[in-house]
> 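First the structure, then my questions, so here it is.
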Amino acid sequence: MDITRLWAPNARVRFMTEGQPSAEGECVVYWMQRAQRARDNPALNYAIATANALKLPVVTVFALAPTYPNAQRRHYQFLIEGLVDTERDLEALRVPLVVRFGNPPAVVAKLATELNAAAVIGDENPVRIGEQWRDQLAKKIHVPFHLVDADVIVPTSHFLREEYAARTIRPKIHRLLPEYLKPVPRLVARRPWSDSDRPKGEKIDTKSLMKEVKAAGVGPVQGYQGGTDEAIKRLHTFIKERLPRYAADRNEPTPYMTSELSAHLHFGQIGPHTIALAVEAAEDIPDESREAFLEELIVRREVAINFVARNPKYDELSGCPEWALATLAKHASDPRKYNYSAKKLEAGESHDPLWNAAQREMVITGRMHNYLRMYWAKKILEWAPDAETAFNIALDLNDRYEMDGRDPNGYTGVAWAIGGKHDRPWPERPIFGTVRFMSYESTRKKFDSDGYIARVRSLEQGKLFDA
DNA sequence: ATCGGCTCGCGCAA
DNA sequence: TGCGCGAAGCCGAT
């Protein structure tokens, strides 16, 4: 592979610094940030292809910040469980994984210098802190630094402006799918590290790495294991047992009909290509179910990523559309029948048994039923003193308890429910104005609420469902 | 059980 | 400039 061809402009690649790799360089560093996997990872492939073209070895570095805004022990545990699989899978590609604690741009810059890197390749991550880390690294190093958008099917760079709704991005994504929804090749490093030259990092062992983690807060979740192996296992179970009836039954609360892969996707332990291609290839799946699932995996997930990548206020109410901000402001002084503190909500102590069940499910399992995520956030708007407070409470609870907290899907979900993001106006009512309302009565009719509440009660008594 | 209206603005056809 | 239609709803009429 010729490096000039490899490094030609490409929608999936962003050049953070200019220039060609130094001839004296001794390796290519792959900074694994969000794409925490060895399989179907275009950023890793780009690093391996670059190294192979330069006849250099590749080393992957994962820099683990000892704390991260809102991240709890349950998130670190899940992430570190994933690193065990990833280290083994990288080994098969003749790429070592170095894990070091510290501030990521500082850790990566230090390692790149220590190892005399010819180039640093990273993966994209649309959240603010990831963007800051990459900008800081670009200022610290003097070798070419490229980023590869590895965790979307259609590269984010195709959509330079914030999309207004799913319907505006949908036709664009569908037009580009033939180009991007293709198998990702498996590349192997041609030049491995010799054992004596191998850079030293932390030994990847979940228990000892967890000792270094400074984050406090809620502990690990029982029965929801991190890692590529677990993700692949869940994917195959989903395709076999649930996908055939996904279109009709996706909102069933007992048993769950969803793939339960959101946290693995969030940490990049599985990539969207792996899931989408497996679902496309599955046999005996009604078109309706296949399409409903791919719509959520690709269109809804990538419009959420577009929102976070293109709207700097993705985690504030003020990032929501004008019509919604105006209507919420108009209803700001409407009387609230219930007014709960953040603490009361966090404890799952409202008057509404369905809402309490959803909140407690999230606390116990790190997940919440998809349908109830909407209801849950809308009720916080109804019961908080004002819309901005509601937005912040919902996002804070989501980020701390959900295993996929701080994911674009979560930011978009809260903005949709409370701020009308990607939605349209509906008949005007108290508090909500023309933001879509959801009622307890019709949710109970549409959704097996009693079954769900019973399920959560069993969870509280220590019984696990669907592990 | 099913249906239309509610309300705003984007994107495309003209 | 006009028009169709949309991130998962609600309500009342038939």
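All values derive from a computational prediction rather than experimental measurement.
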> Is the H351(A)-Y440(A) ring centre distance short of 6.0 angstrom?
no
> At a heavy-atom distance below 4.0 Å, what parts of residues 404-436 of chain A sit against DNA chain B?
P425(A), P427(A)
> Flag the pair K378(A) and E382(A) as a salt bridge only when some basic side-chain nitrogen lies within less than 4.0 angstrom of an acidic carboxylate oxygen.
no
> How do Y164(A) and P171(A) order along DNA chain B: which one's closest nucleotide is nearer the 5' end?
Y164(A)
> Without decimals, in angstroms, what is the distance between K446(A) NZ and dT2(B) C1'?
14 Å
> Once pairs are restricted to Watson-Crick or G-U wobble with both distances under 3.5 Å, how does DNA chain B read as a dot-bracket string, [ ] for crossings and | for other-strand pairs?
||||||.||||||.
> P atom, dG5(B) versus dG4(C): distance in rounded Å?
13 Å
> Would you check if the distance from the ring center of F293(A) to the ring center of F238(A) is below 6.0 Å?
yes
> What residues form a side-chain contact (heavy atoms from CB on, under 4.5 Å) with A384(A), not counting sequence neighbours?
A390(A)
> Could you state the CZ-C1' distance from R170(A) to dC10(B), rounded to the nearest angstrom?
14 Å
> With a 4.0 Å cut-off on heavy atoms, is R250(A) in touch with a base, just the backbone sugar-phosphate, or nothing at all?
nothing
> If you take any heavy atom closer than 4.0 Å to DNA chain B, which residues from residues 375-389 of chain A end up in contact?
none
> Apply side-chain hydrogen bond (donor to acceptor under 3.5 Å, both in side chains) to H174(A) and list each qualifying residue two or more places apart in sequence or on a separate chain.
none
> Quiz question: by atom type and distance under 3.5 Å, do the side chains of Q77(A) and E81(A) form a donor-acceptor pair?
yes
> Can you tell whether the side chains of D423(A) and R436(A) come within less than 4.0 Å, N to carboxylate O?
yes
> Is it the case that Y401(A) and E346(A) place a side-chain donor and acceptor less than 3.5 Å from each other?
yes
> Looking for any heavy atom pair under 4.0 Å, which part of the strands does M374(A) touch: base, sugar-phosphate only, or nothing?
base
> Any ion pair linking R12(A) and E124(A) (charged N to carboxylate O, less than 4.0 Å)?
no
> Does D315(A) come within less than 4.0 Å of R128(A), counting only side-chain N to carboxylate O?
yes
> So which of R310(A), R34(A), R14(A) actually passes salt bridge (charged side-chain N to carboxylate O under 4.0 Å, His left out) with E131(A)?
R14(A)
> Are any of the side-chain nitrogens in R88(A) or D229(A) under 4.0 Å away from the carboxylate oxygens of its partner?
yes
> Using the P atom as the reference point in each nucleotide, state the distance between dG9(B) and dG9(C) in Å, no decimals.
22 Å
> Give me the distance, rounded to whole Å, that separates dG4(B) from dC5(C) when you measure between the C1' atoms they each carry.
15 Å
> Could you list where the contact with chain A starts and ends along DNA chain C, reading 5' to 3', using a 4.0 Å heavy-atom cut-off?
dG6(C) to dC11(C)
> Rounded to the nearest 0.5 Å, how far apart are CZ of R250(A) and NE2 of H369(A)?
11.0 Å
> How many Å lie between CD1 on I169(A) and P on dC12(B), as a whole number?
13 Å
> One thing to verify: whether D404(A) and R373(A) come together as a salt bridge, which I'm taking to mean a side-chain N less than 4.0 angstrom from a carboxylate O.
yes
